[in-house]
Structures are given as C-alpha cells and as structure tokens.
Amino acid sequence: MATVLYNLIIRPLYLAFEFIFYKAFLLTGNYGITIICLSLAVNFLILPLYNRADAIQEEEREKEKKLSYWVDHIKKTFKGDERYMMLTTYYRQNDYKQTDSLKSTISLLLQIPFFIAAYRFLSGLQQLHGVSFGPIRDLGVPDAMLSIAGITVNILPILMSVINILSGMVYGRDLSLKNKIQMYGIALVFLVLLYRSPSGLVFYWTLNNVFSLIKNLIKKSKYKNQLLSGAAAGGSILLLLIFFVLHPVNTLRRKLFIVCLSIVLMVFAVIKQRSPKNSLFDRVPDKKPSVWLYIWPVVFLTILLGMVIPSSVVSSSPSEFIDQTNYQNPLVFVNFTMILAAGFFLVWFTVFYKMAANRGKQVIVCLLFAICGISIADYMFFGKNLGILSSELKYNEEPIFSAAQQLGNMVLVIALVFGLFFVARKLGRKLSGVYIAMTAGAVVLFAGNVRVTQKTLGEMVNYLKENVTVQAEIPLTRTSQNVVVLMMDRSVNAYIPYLFQEKPELREQFAGFTYYPNTVSMGTSTNTGSTALFGGYEYSPYEMNLRSDELLKDKHDEGLKVLPVLFSENGFTTSVYDPPYAGYTWIPDLSIYDDYPAINAYHTIGKFDPEIKAERKNLLQRNFFYFSLFKVTPIAFQKMIYDKGNYNNMADTVRDYTQEFIDNYTVLTNLPNMTQISDDSKSTFMIMENKTMHEPCELQLPEYIPVAHVNNGTYDKDHADRFIYDGHEMLVDTAWRRVHYYAAMAALQELGKWFEYLREHNVYDNTRIIIVSDHGYGLGQFDYMFTEEGFDTEWFDPTLMVKDFGSTEFTVSDQFMTNADVPVLAMDGLIENPINPFTGKVIDGHEKESDLILFHSTRWGVNDNNGKVFKDDNENRWFRLTGDRTDMKNWVLIEDPTKQVQADD
Amino acid sequence: MLLYIDPGTGSMLFTVLLGLITTLYFFAQKLIMKLKFRLSAGKTAAVTSTNKPYVIFSDNKSYWNVFKPICDEFEKRKIPVEYWTASEQDPALKTHYNYVKTEFIGEGNKAFSRLNMMSADIVLATTPGLDVLQWKRSKNVKYYVHTLHAAGTSAGGYRMFSLDYYDAVLLTGDFQIQEIRELEQKRSLPSKDIAVVGCTYMDELKKRHDQAPAEEHEGITVLLAPSWGTSSLLVKYGSRIIDSLLRTGYKIIVRPHPQSFRSDKAVMDELQAKYPNSEQLTWDDKVSNFDALHESDIMISDFSSVMFDYALVFNKPFIYAESAFDKAPYEAAWLDEELWKFRVLPSIGISLTESQFDNMKQVIDSTVNNKSLEEGREKARKEAWAHIGESAVLTVDYLISKHEELENEQKVS
C-alpha cells in the first residue's frame, strides 16, 4: 500500500526531477549548474501551482478574517451542542466548509511531495559525491565550510535559513502573528533537518528559497511587470552568454534548444513590457469546462500509457518477462506502469488542473484533447519497424527515423495540435462521446493483450510456479559411459575456425573433438531445426509436413522424446535440460516427459542470476512507463525519451549485457557446479539446450565476458586480422554481426572450461560429447555461402563438433553431415539397431544418402506457427540439396514439396 | 519499499495534521450529535407518503392557546388539518374535532426524527430554530410557516438564526417586518414571505376579557407576577418587596411563575410561611393567570410577555423591574436598533428601582393615574397587534391561498 502511494504520488515527481537533471547535465556538464537548472525548472513548473495556492490561501485568510467576529461571538456565547449547531449554521450561511480551513495549508501540503521527491533524488545521487562547486568542496556531503576551534559549521543550511526568513519577512508583512510564527517555525525546522544533509541537496533548497524570495519581492513590488520583463530579458541574454560563450554547447540540437529558450524569454519580456495582460488568453471564456472533459482524457492517457502499451509489449512475448527464479505473472509490469501513469495523469495533472483558474482549465481541456490525438497517432502509425525490442526495452540497433518520417510526423503533430485544439473548442461537451469511444477502444486493446498473455502462459503458469525452486544437476559417471549432447541455439558453424584461430587454447580444451564444417541443418529456426536434431531425419520440416494430420506441437514433442526415451529404455540415466519449445511454449513445458519417470527434465536457463533479475525488474518497472512515453511522443522527441535505451536514468543502470544473454551464459559458467560425478555403474545420457549464442550482446574484449560497461576501444579494429581465416573474410561490420561472434566465443570458452573440469575429474575420456546447433543464422558474413539466387546459406550452417570416447586429438572432417545425424552419432555403438519408439522406423541416418529437402522460414514463433504444417508464406523457401552443402550448385530452390500431400489430405 | 518520509517533511506534515485534526474533530462532533439524535429518537417512522396539505406542529402544550383558534377556524371551514404535538398533556389531544386530527408524536428528539422525515405541503409551527437545531427541514415538506407566539416579541427576541430557514413568517405587527428583513440582508438569505395576521392567542385572551363581567372592587389591587430564577423579583428582593407592598395597604396578589415552585422552592416555602394568605395578601397558583390579570389594577413584574399581555389586552398599567438583558445569544445581537419591546417599555410601564421600595404607594398611585401610559399602550397596541380579532381567520386564509399557490406551481412545472 505504501509502495503504491509512493509510486502514485512521489515517483512521478522523482522521474520528472531526474529527467530535468539528466538533460540539464547533458547541457551544462556541471553538477552545480545542473542543480541550479533543476531548481529553476522545478520552480517555474510549479509557479502557477504556487500562485494559485497563494491566492487560495489569501482568499481563505480573508474569509476567516471576515467570519471571525461572529465565530468568536458564537463560541463565546453558546455552549455544547448549541454552539456546534450555531456555528454550522453560520458557516453554512457564509458558504464556508469546515474543511476549508485545510485550504490555508494547501501550499504547504503541495510542498511535501515535491520535497520528498527532491530529497530522495538529490540525497541519493551518487554522481554528486566528490564533486565540488564554487566554495562547496563536495556536493555529496555537508559543506563544513567554517571551522571554529575544531567545530565545523555548515554554512549553507544557515544561509538557506536566512534567505528563508528574509523571504518570509517580505511575504508575511500583512500576516497574522499565528501565520508568521508558523512560517518562521518552518524555516527553523528546515534548518535543523537539512543541517546535516549533503550540500547538493541544501544548495538546491537554498536556491528554492532564493527563488521564493525573488518571487515575493516581485509580487509585492509596484513595478511587477517591469521587473518580470527585465528578469526575462536578462535571463535570455544570460542563457546565450553562458551556452555560447562561457560554456559552449556542442550539438546542434542543444544549440537550438538554448536559442528557443532564449527567444521564449525575450518574447515574454516584450509582452510583459507592452501590455500587462495577455490578450490571447483573455479571449478564452472565463467559465469552468465540464469536468468530464478533463476526466476522460486523463483516464484515457492512463489506460493508453499505463496499460495498453506495456501490455502489448508483454503480450508479444510473455515468457521473456517471467522471472524464473521468482515466478510472477509478467503482467505485474503493467500493474506498476498503470500506477505510475495514474500518478502522472490522475494525480499530478489533476493537481495542476484543480489549481488552475477557469480560463486555464479551458486551455488544459483543449490541450489534453490534442495530446490524446497526438498520442494515438504516434503510437498507431509511427515508429513501427525500429528493430527487435529486447525484454529490457532496448532495440537491438539504435532507432533511426528517416527524414521523411520525421517531417511527416512533425507536420501531422502541428496539424493535430491546432486542429484538435480548435475541434475541442468547437465541440465542447460533445467531446465526451469521442473520448468514450477512444477509451473503449483502448480498453479493448488492453483486454486483448491480457488475453493473449494469459493464453500464451496457459497451463504453464502453475508448472512454472512449482519449478521455481528445482535446481538442475548433471549426473556423470566415471566408471561407465556418458553421452552429452549440447544444443547451442543459433551457433554458426563457420565461426569455429575463426574462434580457434583467435584463442588457440580452445584447441587444447577441445582436444578429442572432430569439427565438421560441411554440415547442414534441416531448418533455419528452432521450430524447424531442433526437432530433427533431437529425433533424426524423421523430424525434418519436410517429413513433419508430410504427417499433415497431426499438430506440429505433437510431432515436435515426439521428436524431443526420441533420444531420451531410447537412452532411458536402454538403461542410461537420462537427463534433459530446457528441451527447446517443449509443449510449443517459450519456456519449455517439461511435462512432455511425464510419462517417463526415469527421464529427469530440468530448466536451467535463467536460474543462476537472481540478483541481476531483481535489478532488472526494478529497472523495467521504471522503463515501461518511459517506453510508453517514447511510443506516444512525436518522433522529434523520441530519441530524447529513449536515450539509447537508458531512458534518462541517473542511476548507473546501463548494462551492456542483456538479461537473456546472462540467463544462458550463467548456465554455462555453472556447468561445473551442476556436475555430479559418481562411480555409478549406470551409463548416463544428457541433452541440453543453451541459447548463449542466440542472445548475443556486447562483451568486454579480449576476455569475451559480460560487463556493465564495455569499453573495447579500438580492439576490434586493431585485431581485424582475426576475422580472416584461410583467405576468407568474415564480415563483422555491424554490431549485430560482431556480437554473434562474441557470444560464440564466450560460449566456447565456458564449454572449454567445463571440459577441463571433466578432464580433472576423469570423466572426459569416457564421455561422448556432441556440440551441435539447431540452425545457423543468415548474417551474410561469408560471401562463399551465397547461392546464385542470392540466398545466404549461413542460415543452414549449424555447428557440429563431436568427441567420441577416448578420442584425444582435435581434428577437422570434411564429411558431409547434418544436424539430424545427432541421434545416430549419440547412439553409435551404445544402442544396437535403434528403432524410433513412436514410429517404429529404424534410426540409421540412411536418409542422408539421397537428396535432402531443407526448409527456410522466418516464422519462428510457435505462438502463431502452430498448426499441422509449417505455414507457407512469401519468405519461405524449400531447397533440394544434392550432395554436400559446400557447392552452391547443389542448392536448388524448389516449390513446396509437401503441398501435394497436404492437398491429398 | 516503505513510504519514505524524511524528518523535514514530518514537520510540515505536522502542520497539515493540525488542520486535519481540527476537521476530524468537527466531523466527530457531527457524528456524535447524529448518534445522540439517533439513539434518543428511537425507531424512526418511515416516510409517510400520504399527502397532507396542512400540518400544525406544537412543541409545547402551552402553545395550544396559539393554535387553538387556528384549529377552530379549520374546523369551522371543514378543511382537514393535522395537529402534531410533542407534549402528551397538550389539551388539543382531548379536544374533539371532526376535521382536525390530533396526534402526539413523542417528545424531544423522537418528535424531531418524525418531523425530519415527514411529508406535507405546508407545516405551521411556532418552534424556533428550524434547520438550525435538531429539527431539520424535511425534503418532503414544501413550505414551512412560522407563526409568532407573542405580540411583544419579534424576530429579534428569538435565539440566533431561529427563523432563517422558514419559508414564511406570520407576524403580529408591522414593526417586526424590518427586523426580519435586516437579518435576511445581513446574512444574504432569500427573503421570506411575510404576512401580518395578528396574534391568535391575544385575540382569544381579549375575547375572554371582553366577555368576563367587569371587575368591581374598592381600592387598588396590585398583582406581583415575577418570573423565576436568581434575578427574578421574589428571589432577589424576597420579603423586602412584599413588605413594601403590604405597607401600601392595597390588596396584593402574589403569583409566582409556576417554575419558581420547582426552581426556587426554598425561597418560596420561606416566603409563603412568612406571608400566609390573608385579607390583604393572597397567593395565586391557578393554572390560568386570567383571573389574576383580570382582578388586578396594576402589575409589578419582570416578565416581559405577561407585561405585554397585561398592557395590550387588559389595558392596565404596570411597573417593571429592570433586569439586565444579555442580547448575545439572541437575534438582537445582529440588529442595529434596540429591540422594540425595550424601546416601547418606558411608554407603557414605569420602571422600578430598589430605592422606590420605601415609597411604593406613591409610585403605584402615580402609575395608576398616569394618562400618558394609556396613550403609550394605545400606540404600542397599534404597532404590535394588528387585525385584532381576525388573526385566526387571516392565518387560515394565508395557509389556504399559499396551498393553492403551491399546487399551481406544481401544475406549471
């Protein structure tokens, strides 16, 4: 409850403070000046609020004064119930409510959340530590400027209080003694409480008091307009002087911002000089708009930003937002964002609205309509193809908007601002209908997202909840034989020589392995490529499509069971780890092995990094709202909001690694910890999926390890030769291409370490290890892999490395292989004449002797590609491969060979 | 994460809290009042939906003299009316009518709870403080009419806000209009409907006085009719005043306020023992004061309403003891001018001071023979008592025409 209140009331202010501070620092590069900017910005932002609060307070005081004669008279004259009844009657006759006495505390009440937010923000700001500003030695600690006889005195808090009292003297000239005491009392309280606070915070509060002093001086002055005008003109010139002469800003955007700000101030100065009243504003009718015209848009914005947008992100891949170490429905992020959005729109917008005079309310109502319109337009029609969004709400590449998009958006926004503003003025109360339609639409969208999320999670939810605490083990025996199959999702086979070239020690660690560069995968994504890896040729996309009366899910699950069931039935201790898409869900549904109690099935991915998960969750909660804001903002400001995925966060939360990478990578680093070596006479079999290579990110070189802040300098450039092997250059010109290589290196290094561990514990020689991937990836890095039609066969380039029992040398074999050979390779010599327990067919790899039919599809999602056959669309390609894969002539593009069968059905 | 409140905010919160506490205190008070009301009100009757055109409410049996003429008039005109009383001893309950339905609705808060939920077109009452004290306006009553229960008093003599939430006030004399308007204006209240109808109970009193045989006796009969309480004549002066009266040789009737026998019992017992009934002095404790007023030639009192009855109805002079009047709790506190009754007092009565006790006879004689007092009474009567003998008729006329008006309004809307 307290958290909800905090997020509702304080958090929005905190974020606003942070945003101003963050941007101001970018502009000034000086924390002291940034604090000044923050104070100015916040004070100007809440100036109308305070002006109104002061006016209300004044009204209230006047009223109390007016009523005081008879109130005193009644209190003196009557007793008990009669006194109460007389007082109520008197108040009633004067339109005075007892709660009105609270009004006089309104400005004080308003200060509280602002103070809490400022306090929390500035007192916890790491960046201020050790930073000096003028006479202040360290903004992060009390100033201790004066030292008398060994006693240090903090000057800043005292200065702050003096200014506070001065300001109070100006403001309180006409106040009653009671009010004066209250005012000075508060000044004293602030002195006591802020005395030991970091000087950055005290400095901020001092500036606020200076602002208040100047405000009060101007207010009480006869030359109010002249003073305001002068101050504005001075400010305008000062801005230009500071940011163009003394402390020049560098980017065009910033220069523009300063110039605009300066112009606005100058215009204000001129207006104030010429006419005391703003004539444009006077044209706005001085009557209160219907309250619904305010309520509807803020409710709509809360739903759009707080519910629709975050839920659409979550629903696009709900399992990515599940914390497997501490299960929670991923919609919790929506809850949080909703509260934050409610804080912004329902709480703070409302405070500003409530405090506004009638004309102000009219303007706000019209502006809100325009904001709603722009938000819808931006969200629905712009920023659609910005790349792949990670579950950390970062795009895999920095979003780029074309000039045409930017211009189009700007024109639209300007048109909407004026158009909708005047539509709002014209329609008046009838707008409610428009709002109801908009809100209803938003609610429907939201409900749809929630439904999709719940459906996708389905029955998995309970299962996940139960499995949170189960920790995976890898049982290996020293006395018998072990078979280990490691499916490294998306591992590109062609990288291997480059990787081994860069890190020769890998050759030592991988001693005994045979590398098969001439390997092809049956498919090009996990849904089309992994089933055959687990079950053999019978589960190639082609064969699966031929069984067109069965669900893909059932066929896939069957494939996943072939090897474990065979090994288990042949007396092997059998373990499966993260069988890909088991049950056709993102987080594998291990219950597909429920019929085989001897098979141990585990989740490993995402189970070894609880701290990072907790950190990420906190960050995500905050960033989801920012993401919503980013989506509804005009394109011109989107970069400002997105902030390279940092979303203007002052806290050091930039992590160059991704959650997904860590989830998988930590499994590999924990392989030795999971390994349980015994002298059991029972042989073992394990098959594990790991997606370290599937979730690449920037890594620190040359170690290839994940760090928060990667700094590789010119390492890649300086070591460009490592991307040339045997005369072939591997393209690493984009980050996306580069990081795939990084991830592969990180994974191989960790595997290498595990193999060393196995050697140390004497379980290496008696262990057969198959490193294989379900598919390659079309990164277009190798020119020799393109077919004549321009198809990149890197898609079909799965890693395959096999180490047999007792093998000690690292060798390379040009033998043509496929990743559907894995079952044969795994069972070779261990299980005689294996027969598929589900189809009764012999598993001997004979299919490779004739032409192979391969399938490329970009529809990798099992959420939608889950019918009976793999969906056919324009991007699909079927190939007939005659002979080995290295000769591009062997790749023949063919029509869907399964169409006829499907038609026959 | 707990809601973080730093100490600085704490102090500000404190200030705000004070405001909140004041408000809460006020609400708590309201709640307690409501609770008290609920508890003492007992089971509240459900809102009666039957439409009653007229309901008269009397909070005390002593106002029967105000309402009886009105009930009689309704009866005479064969117009049904309901008479609700909060007093079980109300004589109305024993009076037989065909068109007036009388009902005892319980005492105190029980009565108010019934009233607060009643439904009727017009309610006539003489109870002050509608919608200020426990008696709230019912949503189902269209029109509340107040009738004054004394000619000498006016709006200004009531406690604060007494008539503010009535829709109409029936007055006994023109002088009262100004006071009501002044209060309305000072409080920015909508102006009430005002009708000067006279004074029903004084009409009745006058009728009885006119019908009674003329009182013939020798010498002067003095009526000592004080109020009660510490500042009343008998308690304050006791035997001193009785002795001074006895010295005049005139016949003395002592009629203490009925409340004195309860509140000032010790003093009364002592005085009655010291001055038993005799040729010259009699103690009068009859229920009705009519005989005493009728028999006497002059009255000495400190009780305003009876003095006005005596002067205006019986047309006899009186001597009044000046008692300090604290107008603070009264509407008088709001009015610019002194109350009419105080303004008019010197012209219809003679003020008595303690120093005059020694030559009481002289004071009484000069008062009885004072011609200017007679003129004063005439003038006061004109100002305060309009439409003598017609008030019941005018009151009922007013109610009927108002009822028609309300019905027409309803038809229009």
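Letters A, B, ... mirror the listed sequences (proteins, then strands); counts begin at 1.
The interface of residues 183-193 of chain B with chain A, defined by heavy-atom distances below 4.5 Å, comprises B:Arg187, B:Leu189. Of all residues spanning residues 126-139 of chain B, those with a heavy atom less than 4.5 Å away from chain A's heavy atoms are B:Asp131, B:Val132, B:Leu133, B:Gln134, arranged by number.
Residues B:Phe175 and B:Trp340 place their aromatic rings such that the two centres sit under 6.0 Å apart. B:Phe104 and B:Trp84 have their aromatic ring centers separated by at least 6.0 angstrom.
For a residue to count as touching a neighbouring chain, one of its non-hydrogen atoms must lie under 4.5 Å from one of that chain's; by this rule A:Thr89 touches chain B with backbone and side chain alike. Neither the backbone nor the side chain of A:Ile9 has a heavy atom closer than 4.5 Å to any heavy atom of chain B.
Residues satisfying the salt bridge (charged side-chain N to carboxylate O under 4.0 Å, His left out) criterion with A:Arg616, sequence neighbours excluded, are absent altogether. With sequence neighbours excluded, the residues that form a ring-ring contact (aromatic ring centres under 6.0 Å, His included) with A:Trp348 are A:Phe114.
Using the six-membered ring where Trp is involved, A:Trp70 and A:His73 have ring planes that are perpendicular, over 60° apart on the 30 and 60° scheme.
In this structure, the side chain of A:Asn94 does not engage the main chain of A:Tyr96 through any donor-acceptor pair within 3.5 Å. Looking at A:Tyr204, its side chain never comes within 3.5 Å of a backbone N or O of A:Ser39 through a donor-acceptor pair.
A cation-pi contact, defined as under 6.0 Å to the ring centre and within 45° of the axis, links A:Arg92 to B:Tyr165.
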CA sep, side-chain torsions, deciding dist, call: B:Glu337, B:Arg343, salt bridge (Lys or Arg N to Asp or Glu O under 4.0 Å): CA-CA 9 Å; B:Glu337 273 191 79; B:Arg343 288 202 311 265; 3.6 Å; yes
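Side chains of A:Tyr84 and A:Phe78 form no contact here, defined as non-hydrogen atoms less than 4.5 Å apart.
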